[in-house]
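For reference, the structure is listed below as structure tokens.
When a ligand or atom number is given, it counts from 1 through the structure's own listing order. Numbers for residues simply follow the sequence, beginning at 1.
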Amino acid sequence: MEKQSWAEPYKIKMVEPVFETTREQRQKAIKESGYNTFLLKSEDVYIDLLTDSGTSAMSDRQWAGMMLGDEAYAGSRNFFNLEDAIREFYGYRFVVPTHQGRGAEHILSQLLIDDGDIVPGNMYFTTTRLHQELAGGKFADIIVDEAHDPKITFPFKGNVDLTKLEKLIAEHGAEKIPYVCIATTVNMAGGQPISMKNLKELRELTNKHGIKIIHDMTRVAENAFMIQQLEAGYSDRSVKEIVKEICSYTDGATMSAKKDAMVNIGGFLAVNDEQLFDDARNLVVIYEGLHTYGGLAGRDMEAMAIGIAESVQDKHIAARVGQVQYLGRKLLDAGIPIVLPIGTHGVFIDAKQFLPHIPQEEFPAQQLAAEIYLEAGVRSMERGVVSAGRDQVTGKNHMPELELVRLTIPRRVYTQAHMDVIAEAVIRVYKRREEVQGLKMTYEPKYLRFFQARFQPIAPEPNDTTHENDETFASCTVGGADSGVGQL
Ligand code: F0G
């Protein structure tokens, strides 16, 4: 059959220049950033794959919507447009806007979790778990085992292992489990979807025990696309229909609209239970703002409402995931170890296989992210032992099976040519991988340490002329080494 290529369903109306730096400039920048890509200045980055969060390009429709912002303190028309969009596309009854996803996680956790509760989930997410823990709960991982092995090609690695959940219920009792937290497209597993079949089975099981399902719907459209592509019975259903069906099996949702919905800021909590809604809109005024703006400007809510509608269009999502798959296949063809199957929002490099000579205690993924930056100014993110943090009770490091570097693709921002440049940079680092050495942590913040932690090479790099300032690191303390309770 003749080859038929796909192309993006848009043309570009406005561009922003990006700038390349020299290797010396990057060497200085990464050292000054304590080998943490979160601490780099964006100006020092050529292609920014740190995250797909808040980094997407808005459409002309969204920008036009920004001009229709009704900046009233209370009852802004844009709130009602947002509420309509959430009801139409997701089917949830009640909406509380928040400044971003973690704002919604905070409110929900405070309302539903009591001291000593267990909150099962299909793998943890950093902010979600922290809010559960700060509310007195304990996260329990109930994702299928396949999700922890980057080499297994099982298509629905986001699935819940129902036996693990049944065990938890038997052990603790359903009354200790306020809800099961289900992410569609599991970020920390490498952008892996959950199947509709599994979700339906989970609904049956939780119904039997009167346990709620709360949906982390940050990337639900991407998950719906994978169901359309891979799950029996869904190939002729639209992404829009599949998204709504997913939501119908859940009781409420937290959303970071900075991803799927392609806004630079925004999120919400959506629920079906009226009492829970009443409680949430009361609590939101303490932390975010009045319940009709939740920390957002009217214009942000308008852009979000429009972005939600755009996010479920089949052609959009096919191009979005198609670009990620294009990069993934390029890396696979070059023999680079990545998480399989290729994810939907990014390509996740397996740092344990890429740098087998660096033990996990020396932060191989952290170092690999720094090396990729050094090579070509491409900024990525560690998703391994640094992101996993410490056990809240013992203070010991979590040692996740997955030690990954995430090349996260913003939506509608970069071209296929950028993907080629990124792949070539990673391949060059792979060729010299034996030279790469481990890191030690020199500063560890108490919460979500990956954002601000600092590191230093265990041994100075051979060509590095920028080591004069090492005492800056030496004077920093490692906060968590013997931290005990409360360290994360
Ligand atoms: N849930 C998931 C699955 C996420 O990926 C994120 C954010 C959040 C919740 C929190 O949302 O950032 O709006 O407060 N993920 C970003 C990322 C930060 O880079 O993966 P937020």
Side-chain angles (χ1 to χ4, degrees), residues 36-38 42 48-56 96-109 119 121-134 139 141 143 147 157-158 181-194 214-223 246 250 252-270 284 287-288 294-296 300 303-304 307 311 324 339 343-348 365 369 379-384 386-389 402 404-411 413 447-452:
N36 185 346
T37 52
F38 275 101
S42 147
D48 204 346
L49 308 184
L50 184 70
T51 176
D52 61 333
S53 182
T55 53
S56 297
V96 176
T98 57
H99 77 286
Q100 58 184 79
R102 68 199 71 179
E105 291 167 354
H106 175 214
I107 289 164
L108 182 90
S109 303
V119 189
N122 55 347
M123 204 173 264
Y124 83 102
F125 184 71
T126 53
T127 58
T128 321
R129 182 178 67 188
L130 179 53
H131 279 300
Q132 292 163 357
E133 290 175 346
L134 292 173
F139 166 80
D141 192 5
I143 204 165
K157 280 177 155 179
C181 182
I182 289 305
T184 38
T185 305
V186 180
N187 193 352
M188 301 304 278
Q192 305 295 328
I194 177 171
I214 297 295
H215 178 198
D216 179 345
M217 65 181 304
T218 295
R219 297 181 184 85
V220 65
E222 293 175 11
N223 196 124
I246 291 173
T250 69
T254 55
M255 171 65 153
S256 170
K258 299 168 74 174
K259 284 79 162 176
D260 254 10
M262 293 175 284
V263 285
N264 303 122
I265 195 73
F268 59 80
L269 171 64
V284 78
Y287 298 109
E288 307 272 320
L296 296 168
D300 297 327
M304 204 195 310
S311 77
V324 177
V339 174
T344 59
H345 66 301
V347 178
F348 290 66
R379 168 153 72 171
S380 57
M381 182 198 288
E382 191 263 10
R383 293 274 80 154
V386 184
S387 295
L402 297 176
L404 309 175
V405 170
R406 187 181 73 175
L407 303 167
T408 340
I409 312 299
R411 294 161 190 80
V413 170
Y447 299 117
L448 301 173
R449 64 185 182 182
F450 57 95
F451 284 128
Q452 291 140 347

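Partner of Asp52 under the side-chain hydrogen bond (donor to acceptor under 3.5 Å, both in side chains) criterion, out of Arg411, Lys259, His345: Arg411 alone.
Under the 3.5 Å distance criterion, the side-chain polar atoms of Glu105 are matched with a main-chain donor or acceptor of Thr128. Looking only at distances, a side-chain donor or acceptor of Glu288 sits under 3.5 Å from a matching main-chain atom of His99. Between the side chain of Asp260 and the backbone N or O of Ala221, at least one donor-acceptor pair lies under 3.5 Å.
The side chain to side chain donor-acceptor pair (under 3.5 Å) check on Arg406 picks up Asn187, Thr408, with sequence neighbours excluded.
With a 6.0 Å cutoff to the six-membered ring centre and a 45° limit on the axis angle, Arg102 does not count as a cation-pi contact of Phe125.
Using a 4.0 Å heavy-atom criterion, the residues that approach ligand 1 are Thr51, Ser53, Gln100, Gly101, Arg102, Glu105, Phe125, Thr127, Asn187, Asp216, Thr218, Arg219, Ser256, Lys258, Lys259, Met381, Arg406.
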